[in-house]
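Let me begin by presenting the structure, written as structure tokens, before commenting on it.
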Amino acid sequence: MSPLIAVTHPRGIYLPEADLWLDPHHGKQRAFVSHAHSDHVARHDLTICSEITHQLMVVRKTAKKSGTVMSLPMRQVVEWEGWELRLLPAGHITGSAMLHLTRQADGATLLYTGDYKLRQGLSAEKCELMQADTLIMETTFGLPKYRFPPAEQIIAQMLGFVHETLAAGGVPVLLGYSLGKAQEILCALRDAGLPVMVHPSVAQITSVLAPHLGRLPEWRLFRADEAAGHVLVFPPGSKPDLPGVRTAMLSGWAIQSSAKYRYGVDVALPLSDHADHPELHETIEIVKPRRIYLVHGSTREFATELRARGHDARALGAEDQLELGLTTG
Ligand SMILES: [Zn+2]
């Protein structure tokens, strides 16, 4: 059995043998960027990412001007310095990718999920997993209580909120991040037959992604004086100042009962672009890793759960004994 690919966490996920950082928060020499959410993007000398993520980085001006970008098509195997690199759709947002690495010397493999979900969304390519000896996975919703209802059910609730608000003469505002959730909301409105107005930040991203999104509802830029009768799609925290506004927040965190009050909205609906707890287990069943590293959210709790089931699972970056110098073994 080949030795596992080394993973360390000196304030970010690092693969020393490949000299490659995975979604580092700060500029590095060489980094893989899984998707274009701002907490995953920084200015690096060399960025490896998907073609759509590259497009988004250009539009949002988050790429380093003097830097080099290796934008890779999904699924294509690329040879690079003794490694085979392969991007796989992560199902999180449009263009989001996992990184699958094979060490050519001995065939050892590693899969880094980045943010992902297994459920088929409306705006992101369906996630594709691949077997790997080492799995680095995102565990934002890593507790057993995090189990999302079916997306169709949430979308039906969202449409119910929209129709009720319009029928009462109000203006329904759907709140979701400009990149990802806003496009998912737009796709969910495609058959509603209602005119849509969007915040400028949503318009900018949607224009870039439109060729990848399929059919969209009729949408245009928000204008306060013409907003009556429209459904509004805005990023969280940017509620328009209009009479009769009612807000619905679309977020995985709406699974928590206090979400409505915490977000200060009329309705909170748990439409998430992350894997829930059952999906995390399903991921492990498919990838069949010998070792699992966990990042984001409930890493320590999920690591404990996995170890109890006999897995070699470690929380990366969490304050436990495994933080420093994780090496092969
Ligand atoms: Zn993300």
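Both ligands and their constituent atoms are indexed starting at 1 by order of listing.
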Atoms of type N, O or S from protein under 2.8 Å of the Zn ion (ligand 1), total 4
Is it true that Ser258 and Gln256 share a donor-acceptor pair across their side chains at a distance under 3.5 Å? no
Check whether the ring centres of Tyr112 and Tyr293 lie less than 6.0 Å apart, and answer yes or no. no
Under a side-chain separation threshold of 4.5 Å, the hydrophobic residues clustered together with Leu111 are Leu88, Met98, Tyr116, Leu118, Leu129, Met130, Leu135, Met137, Leu280, Ile284, Ile286, Val287, Ile292, Leu294, Phe302, Leu306
Residue pairs meeting side chain to side chain donor-acceptor pair (under 3.5 Å), one or both in residues 92-101, sequence neighbours left out, come to His35-His92, His37-His92, His92-Asp115
Across all chains, not counting sequence neighbours, the ring-ring contact (aromatic ring centres under 6.0 Å, His included) partners of His230 are none
Heavy-atom nearest pair, Arg60 first then Ser38, reads NH1-N, 4.4 Å
